[in-house]
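Residue numbers begin at 1 in each chain, while the letters A, B, ... track the order of the sequences.
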2 protein chains.
Amino acid sequence: MLPEELKGTRMSTAQNAIERFSRYQRQLVGDAQSAHCAVRDVLDRIGDKWSMLMIMELATRSQRFSALHRAIPDISKRMLTQTLRDLERDGLVTRHVFPTKPPSVEYRLAPLGQSLLDPMAALIDWADRRYSDIHAARVRFDGAHGDVPR
Amino acid sequence: MLPEELKGTRMSTAQNAIERFSRYQRQLVGDAQSAHCAVRDVLDRIGDKWSMLMIMELATRSQRFSALHRAIPDISKRMLTQTLRDLERDGLVTRHVFPTKPPSVEYRLAPLGQSLLDPMAALIDWADRRYSDIHAARVRFDGAHGDVPR
DNA sequence: CAGTATCCTTAGAGATACTG
DNA sequence: CAGTATCTCTAAGGATACTG
């Protein structure tokens with residue numbers, strides 16, 4: 001499902017992106033902080049080690065803290081909490097506390113988070129299809145530039 | 001322009017992504033190194049501080065080292081070199097040396113890099129359209145959870 | 001011009017132990 | 001169960017100076 005203003009035009013999505021990006025870049029250069037660059041903001045959110053993993057995990061089903069931890073065993077409780085808080089703060093995930101005797105907390109993907117699934121899908125698909133090319137390029141590069149120590 | 005196999009189906013792109021991701025995740029959990037997770041690999045490449053910026057800059061036009069540095073003034077030469085090397089290694093960018101008296105080197109987006117533009121466009125568009133929602137969510141969150149220290 | 005080399009400072013993240 | 005609180009380590013990245 002492509003965004004409406006892109007559907008409306010006959011331009012390719014990529015061309016659109018380039019032009020849109022030019023705007024961001026001008027903002028960026030003008031702004032020493034680069035604080036208001038929306039693209040950077042998004043990458044900072046999903047570009048970290050666990051956020052995208054978490055979003056995809058919650059996309060399959062809403063889950064409680066411990067279930068998430070079982071689903072992603074190699075994350076520490078510290079990072080699990082922190083990532084969930086960040087996602088909650090940005091409105092991508094909602095947190096629901098059930099006041100049972102041992103407390104239980106369920107995390108759900110908010111509508112805003114769900115709207116991220118399509119763009120992320122495009123990226124995942126690219127990764128899936130181009131991974132072998134990337135790997136081949138790496139082997140070629142490493143072969144050409146003798147990184148062989150020893 | 002969506003990938004062909006997604007066009008072919010009537011499933012939503014996001015649903016596809018979820019299922020595809022489930023596969024990755026199983027690989028991930030099974031593999032202690034998580035080395036062969038294509039999604040992580042992509043995020044590691046474009047999720048860093050400068051790669052996406054560089055790709056977009058080279059998408060508008062092929063450029064020489066110094067031109068890139070002028071276009072993105074707040075990057076250090078060290079990181080400019082390193083980011084370009086990484087992108088070159090992965091086959092996203094090609095490097096062309098012209099043996100002039102002071103050497104000149106031009107960087108171009110390789111076909112593989114160009115194929116990344118569409119998925120990235122989807123992400124940029126999302127960021128553009130949802131940024132205000134995210135910002136609002138943050139303000140709300142920060143207001144509710146008194147982060148106000150004094 | 002297009003880089004290297006070196007030093008140095010932080011932010012990201014793991015490990016562990018404790019708590020309402 | 002669902003977290004906090006510390007402590008620690010590493011790697012990303014900035015600053016600066018030098019070079020073919």
List the steps and the verdict of side-chain contact (heavy atoms from CB on, under 4.5 Å) for Leu84(A) and Glu88(A). CA-CA 6 Å; Leu84(A) 285 169; Glu88(A) 188 195 357; over 6 Å; no

Working for side-chain contact (heavy atoms from CB on, under 4.5 Å), residues Arg138(A) and Asp90(B): CA-CA 5 Å; Arg138(A) 281 185 192 170; Asp90(B) 284 1; 2.6 Å; yes

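In this structure, the side chain of Trp50(A) does not engage the main chain of Leu80(A) through any donor-acceptor pair within 3.5 Å. Judged by distance alone, the side chain of Glu57(B) and the main-chain N or O of Ile72(B) form no donor-acceptor pair under 3.5 Å. Looking at His145(B), its side chain does come within 3.5 Å of a backbone N or O of Phe141(B) through a donor-acceptor pair.
In summary, of the residues considered (Arg64(B), Met54(B), Arg95(B), Gln63(B)), a side chain to side chain contact (heavy atoms under 4.5 Å, CB included) with Tyr107(B) occurs for Arg95(B) alone.
Lys49(A) places none of its side-chain heavy atoms less than 4.5 Å from the side chain of Met79(A). Proximity of Met52(A) to Ile124(A): side-chain heavy atoms (C-beta onward) are separated by under 4.5 Å at one or more points. Residues Ile134(B) and Arg45(A) form no side-chain contact, since every pair of their non-hydrogen atoms from C-beta on lies 4.5 Å or further apart. Using a 4.5 Å cut-off on side-chain heavy atoms (C-beta onward), Leu109(B) and Leu117(B) make contact.
Remark: P of dA13(C) and CG of Asp44(B) are 10 Å apart, rounded to the nearest angstrom. One interatomic measurement links the two molecules: CD1 of Ile75(A) to P of dG12(C), which rounds to 14 Å at whole-angstrom precision. Protein atom CG of Leu80(B) is 17 Å distant from nucleotide atom C1' of dA5(C), rounded to whole Å.
Closest approach of Leu43(B) to Ile46(A), counting heavy atoms only: CD1-O, 3.5 Å.
In this structure, Tyr107(A) reaches the sugar-phosphate backbone alone: every heavy-atom distance under 4.0 Å involves primed, P, OP1 or OP2 atoms, never a base. Contacts of Lys49(B) with the nucleic acid, taken as non-hydrogen atoms under 4.0 Å apart, involve only primed sugar atoms and P, OP1 or OP2.
The 5' end of DNA chain C is approached more closely, in terms of each residue's nearest nucleotide, by Arg85(B) than by the other of Arg85(B) and Ser76(A). Comparing Gln82(B) and Lys77(B) by the nucleotide of DNA chain D whose heavy atom lies nearest to each, the residue mapping closer to the 5' end is Gln82(B).
A 4.0 Å heavy-atom criterion places the boundary nucleotides of DNA chain D facing chain A at dC1(D) to dT6(D), written 5' to 3'.
In DNA chain C, the stems built from three or more successive Watson-Crick or G-U pairs (distances below 3.5 Å) are C:1-20 with D:1-20.
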Listed pairs, N/O of protein and of nucleotides 6-11 of chain C, under 3.5 Å:
residue: dT6(C); atom: O4; partner: Arg78(B); partner atom: NE; Å: 3.3

